[in-house]
Amino acid sequence: MLAGKSALITGSLGGIGYAVAEALAAQGCAVMLNGFAAPDVIAERVASLRGRFGVQADHHGADLRDAAQIATLVGAARTALGGPDILVNNAVVRYFAPVEEFAAEHWNEALAVNLSAPFHAIRSAVPQMRATGWGRIVNIASIYGLFATVNRVDYVTTKTGLIGLTRAVALEVAASGVTCNAICPGTVLTPAIDRRIDAEAARTGRSRAETEAGFLGTRQPSGRFVKAESVAALAAFLCGPAGSDVNGAALPIDGAWNAGR
């Protein structure tokens, strides 16, 4: 369904970002990956997309804290793949501390990566989307963009802002054939969450299963993690023909967590 289209996905060497890359590649979309990893990991990710799906795939290591590098990233995707017809803003940093102890440098980094980088990428990608009369922007926000929690002021603020950015852009592009939506995942078993659960299990002496149950018990009524593949499937839907009239939405995928707020 997406043959002939190209996608730029930030923060896409693992977790949700790479799952989105796989879902789009499976529909024939060329993919530009972005993120930091060892050279052999990057080469394996690119080769895997090419080999399994027969699509063009590449990687660019732009540092999303730098607006100039973001412009270069979008330009590189355009040169290598055309487009990008699809932009998925997935890259994220996160820190944990009460507001009075929150380091200023961490706050500035979160604003840059989680909120300013999507703005700069959208600003660079939209002109060509308008020119071709087709484009899809998917911002990976969070359930914490819909409500707050403690000790995560950077994450809550930037994900809330990302939903606002989504709505503003959606209105601006509504008549152009371009859509802009946000996906708000609940707790996905990403490598970062996996490490947190292992650390908590080691700290408390509880089993992995007990620690997972406790972690999810205050979050998702489903009692299970949201699958990265499910988030990716929703992103692929938004990018496909059936998603053409979904615009400006903030879509929870959270095992009914938001429903109980």
Side-chain angles (χ1 to χ4, degrees), residues 1-64 69-93 113 117-118 121-122 124-125 128-129 132 134-140 179 181 183 185 188-195 224-244 253:
M1 287 191 294
L2 294 174
K5 303 295 187 185
S6 65
L8 167 59
I9 308 164
T10 67
S12 49
L13 291 175
I16 292 172
Y18 192 70
V20 171
E22 291 177 306
L24 296 180
Q27 295 192 20
C29 187
V31 175
M32 174 67 79
L33 301 177
N34 160 259
F36 302 134
D40 60 324
V41 172
I42 294 171
E44 186 278 327
R45 296 287 191 271
V46 171
S48 179
L49 293 176
R50 292 173 177 170
R52 287 185 293 146
F53 304 112
V55 299
Q56 189 174 356
D58 210 334
H59 169 268
H60 193 285
D63 186 336
L64 300 183
Q69 291 194 44
I70 295 167
T72 299
L73 170 63
V74 175
R78 183 173 298 123
T79 299
L81 308 176
D85 307 292
I86 296 167
L87 171 64
V88 181
N89 289 303
N90 173 71
V92 65
V93 297
V113 174
I122 291 169
S124 295
Q128 185 159 329
M129 292 180 178
T132 60
W134 195 96
R136 298 289 183 265
I137 302 165
V138 180
N139 296 320
I140 306 300
T179 66
N181 292 289
I183 297 176
V188 179
L189 191 57
T190 61
I193 295 293
D194 194 53
R195 290 191 294 271
R224 62 181 184 271
F225 290 102
V226 174
K227 295 179 180 178
E229 293 79 8
S230 297
V231 179
L234 179 53
F237 166 82
L238 292 172
C239 293
S244 60
I253 177 166

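What you see is a predicted model; the values in this text were computed from it and never measured.
Under the salt bridge (charged side-chain N to carboxylate O under 4.0 Å, His left out) criterion, no residue pair touches residues 8-17, with sequence neighbours excluded. Screening residues 227-236 for salt bridge (charged side-chain N to carboxylate O under 4.0 Å, His left out), with sequence neighbours left out, gives no hits. Residue pairs meeting the salt bridge (charged side-chain N to carboxylate O under 4.0 Å, His left out) criterion with at least one partner in residues 82-91, sequence neighbours excluded, are absent.
Residues satisfying the side-chain contact (heavy atoms from CB on, under 4.5 Å) test with A192, not counting sequence neighbours, are T190, R195. Q128 meets the side chain to side chain donor-acceptor pair (under 3.5 Å) test with R78; sequence neighbours excluded. Looking at residues two or more places apart in sequence or on another chain, you find a side-chain contact (heavy atoms from CB on, under 4.5 Å) between T179 and R136, N181, N247. With sequence neighbours left out, the side-chain contact (heavy atoms from CB on, under 4.5 Å) criterion links A26 to F53. For A76, the side-chain contact (heavy atoms from CB on, under 4.5 Å) partners are H60, not counting sequence neighbours.
Across all non-hydrogen atoms, the minimal contact from A80 to D58 is CB-OD2, 4.2 Å. Minimum heavy-atom separation, P185 to I140: CG-CG2, 4.1 Å. Nearest heavy atoms, P84 versus A7: CB-C, 4.5 Å. Across all their heavy atoms, A232 and A19 have their closest contact at CB-O, 3.3 Å. Taking all atoms of both residues into account, the shortest heavy-atom contact from L2 to G240 is CD2-CA, 4.5 Å. The shortest non-hydrogen separation linking Q27 to A236 is NE2-CB, 3.7 Å.
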Next on the checklist: Using the rule given for side chain to side chain contact (heavy atoms under 4.5 Å, CB included), can you reason through I16 versus I183, listing the C-alpha separation, both sets of side-chain angles and the distance that settles it, and then say yes or no?
Outcome noted: CA-CA 11 Å; I16 292 172; I183 297 176; over 6 Å; no

- request: Kindly indicate, with the supporting measurements, whether the criterion side chain to side chain contact (heavy atoms under 4.5 Å, CB included) is fulfilled by V20 and S12.
  value: CA-CA 8 Å; V20 171; S12 49; over 6 Å; no

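Put simply, CG on L64 and CG on N90 are 10.0 Å apart, with the number rounded to the nearest 0.5 Å. Taking CG from L81 and CD1 from I86, the interatomic distance works out to 11.5 Å, rounded to the nearest 0.5 Å. Rounding to the nearest 0.5 Å gives a distance of 8.5 Å between CE of M32 and OG1 of T79. The CH2 atom of W134 sits 10.0 Å away from atom OG of S244, with the distance rounded to the nearest 0.5 Å. Here the CG atom belonging to L87 is positioned 5.5 Å from the CG atom belonging to L8, to the nearest 0.5 angstrom. Here the straight-line distance linking atom CG of N34 with atom CD1 of I9 works out to 10.0 Å at 0.5 Å rounding.
A donor-acceptor pair under 3.5 Å is formed between the side chain of Q69 and the backbone N or O of D63.
Looking only at side-chain heavy atoms (C-beta outward), N89 and I122 come within less than 4.5 Å of each other.
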Solution key, residues 35-50 side-chain donor-acceptor pairs under 3.5 Å, sequence neighbours excluded:
residue	atom	partner	partner atom	Å
R45	NE	L13	O	2.7
S48	OG	R52	NE	2.8
S48	OG	R52	NH2	3.1
R50	NE	A57	O	2.9
R50	NH2	A57	O	2.7

